[in-house]
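Heads up: the structure comes next, in structure tokens.
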Amino acid sequence: MTTFRLDNALPVDTTIPDPSLVCLIGAAGSGKSTWASTWPETQVLELDRFRALVSDDAGCHEATEDAAFALQAVLEARLARRKMTVVDATNSEEGVRANLVATARRHGVPTVALVIPTPASVCVERQAERPANRRVPLDVVRRQHADVAGAIPNLRNEGFDHVVLADRLHRLELLLRRVSGTRRPGPGWDGGGSPPELRAVHRFFGPEVGLLWRWHVGSHLAGGDRIGEIRLGPDRLVFALRSDTGGSFSFELLVACPADDDCDAPAWEPVHSVTDLLAAQTSATVCTVHGGPDRTGHRQGGDAFMKFRSA
């Protein structure tokens, strides 16, 4: 399998103008839709969604030609109005990318190639998690991955104004802000229909955060309680799942010590919703070494929270 070698592949570029045409580039299973979800739904043109619109089946590949035609019509209309637009498809073929660049140029809108450099092995493994009609044959996934890897050095020559690697792009806060605006600030979502291992996550934070969630097996960070994390690009948040003898449960977020900037001991803050994650209020924060906040109830520690966010 071809692997991405990113150390010297491209200069660091994290520029995404608004408006612009963002072309997601990655093999099936690379996580494109997760990155697309950091933009408002109206700004995202997903090929699978257009397949569903024309055939009632997002996995109907016989409908791809009609779906691409419909997507192109909407793309033209949005760019004519200079609206921010994200195209969520593999876009692994040079001819497809050339059409997107040409469309944006006709409307005077800058172009961004957003490459999702997920390892091929991960893209392949994720196919098993998908419904049967959404699974992409493994040889196709590997071919897409190889095509993307080979295209990276030449994307600027293809006409893209900006080439951005997803693992250098900070968009987790933008996703949380978008989700926070549509969810109630507290528990109570039953998580019905969620996979058992994510039911608690969906109840507190919703399915959008659940897409990013990974459990860590065997971690002793929280005294034996389960540890999970959400990660997007370089951004990371770590959680402990707390439960009591009565069967109720809650989450705590790993934050910085409220008393000492130089303290590296775990400090935990209760969180009940995405709104809590954004607010990062630490009046209830407890450090395993220094205890809680100062006597005034105000948080100490300044920017120390960030060292755990990017750990």
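Note: hydrogens, waters and symmetry copies are ignored here, and every other heavy atom, side chains too, is used. Computed from a prediction, not measured in an experiment: that's the story for all the values here. The first residue in the sequence is number 1, and the count goes up from there.
If you take CZ on R203 and OG on S250, they are separated by 10.0 Å, rounding to the nearest 0.5 Å. To the nearest 0.5 angstrom, C123 atom SG is 8.5 Å from Q144 atom CD. Atom-to-atom distance recorded for L47:CG and L24:CG is 12.0 Å, nearest 0.5 angstrom. Between H107 atom NE2 and L75 atom CG the span is 7.0 Å, to the nearest 0.5 Å. Of the inter-residue distances, the one linking W35 atom CH2 with R171 atom CZ reads 8.0 Å to the nearest 0.5 angstrom. Note that CD1 of I227 is 8.0 Å distant from NE2 of H216, once rounded to the nearest 0.5 Å.
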**OP:** Take F204 and F239 through the side chain to side chain contact (heavy atoms under 4.5 Å, CB included) test and state the conclusion after the steps.
**Re:** CA-CA 12 Å; F204 279 77; F239 302 80; over 6 Å; no
Original post:
Would I16 and M84 count as a side chain to side chain contact (heavy atoms under 4.5 Å, CB included) if you check the C-alpha gap in whole Å, the side-chain angles of each, and the deciding distance to 0.1 Å?
Top reply: CA-CA 10 Å; I16 300 182; M84 185 76 187; 3.5 Å; yes
Subject >> Test side chain to side chain contact (heavy atoms under 4.5 Å, CB included) applied to L176 and L237, step by step >> reply: CA-CA 11 Å; L176 296 178; L237 294 176; 4.1 Å; yes
Original post:
Taking it one step at a time, do R178 and S37 satisfy side chain to side chain contact (heavy atoms under 4.5 Å, CB included)?
Top reply: CA-CA 9 Å; R178 185 178 68 76; S37 70; 3.8 Å; yes
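Side-chain contact between R106 and E76: present, with at least one pair of heavy atoms (C-beta onward) separated by less than 4.5 Å. Between I25 and R97, the closest side-chain pair of non-hydrogen atoms falls below 4.5 Å. Counting only heavy atoms from C-beta outward, the side chains of T111 and C23 never approach each other to under 4.5 Å. Here the side chains of V44 and E41 are not in contact, with every heavy-atom distance at 4.5 Å or above. Inter-residue side-chain proximity for V136 and R130 is flagged as met; some heavy-atom pair is nearer than 4.5 Å. Contact annotation: the side chain of P19 never approaches that of T85 to less than 4.5 Å [non-hydrogen atoms, C-beta and beyond]. Residues V101 and L21 form no side-chain contact, since every pair of their non-hydrogen atoms from C-beta on lies 4.5 Å or further apart. Put simply, the side chain of I116 does not reach to within 4.5 Å of the side chain of T34, judged on heavy atoms.
Among all heavy-atom pairs drawn from R214 and L211, the shortest one is NH1-O, 3.8 Å. In plain terms, the two heavy atoms of W268 and A222 that are nearest each other are CZ2-CB, 3.9 Å. Closest approach of G108 to R82, counting heavy atoms only: O-NH1, 3.0 Å. The minimum heavy-atom distance linking L114 with W39 is given by the pair CD2-CH2, 3.9 Å. The two residues Q127 and R135 make their nearest non-hydrogen contact at O-CG, 3.0 Å. Between R226 and W215, the closest heavy-atom pair is NH2-CG, 3.2 Å.
Separation of the F251 and W213 ring centroids falls under the 6.0 Å cut-off.
Within a 6.0 Å sphere centred on CG of D56, heavy atoms belonging to other residues, nucleotides or ligands number 12 at most. Within 6.0 Å of the CD atom in E94, the count of heavy atoms belonging to other residues, nucleotides or ligands does not exceed 12. Counting heavy atoms of neighbouring residues, nucleotides and ligands inside a 6.0 Å radius, atom CZ of R49 does not exceed 12 of them.
Within the 3.5 Å criterion, the main-chain N or O of A265 finds no donor-acceptor partner in the side chain of T288. Side-chain atoms of K32 come within 3.5 Å of backbone N or O of A27 as a donor-acceptor pair. Put simply, the side chain of R105 never gets that close to the backbone of V109: no donor and acceptor are under 3.5 Å apart. Of the possible polar contacts, none joining the H290 side chain to the A259 backbone as a donor-acceptor pair under 3.5 Å is found.
Ionic pairing of R51 and D48 is present here: one or more N-O contacts between side-chain nitrogen and carboxylate oxygen are shorter than 4.0 angstrom.
If you chain together hydrophobic residues whose side chains sit under 4.5 Å apart, L100 and V22 never meet in one group. Put simply, V87 and V163 are part of two different groups of oily side chains (I, L, V, M, F, W, Y) that touch within less than 4.5 Å, one to the next. L174 and V179 are not part of a single hydrophobic cluster, where members link through side-chain heavy atoms under 4.5 Å apart. V112 and L232 fall within the same hydrophobic cluster, defined by Ile, Leu, Val, Met, Phe, Trp and Tyr side-chain heavy atoms under 4.5 Å apart, directly or through other members. The same ILVMFWY cluster, assembled from side-chain heavy atoms under 4.5 Å apart, contains both L277 and V201.
Side-chain N/O atoms of D13 and T15 include a donor and acceptor closer than 3.5 Å.
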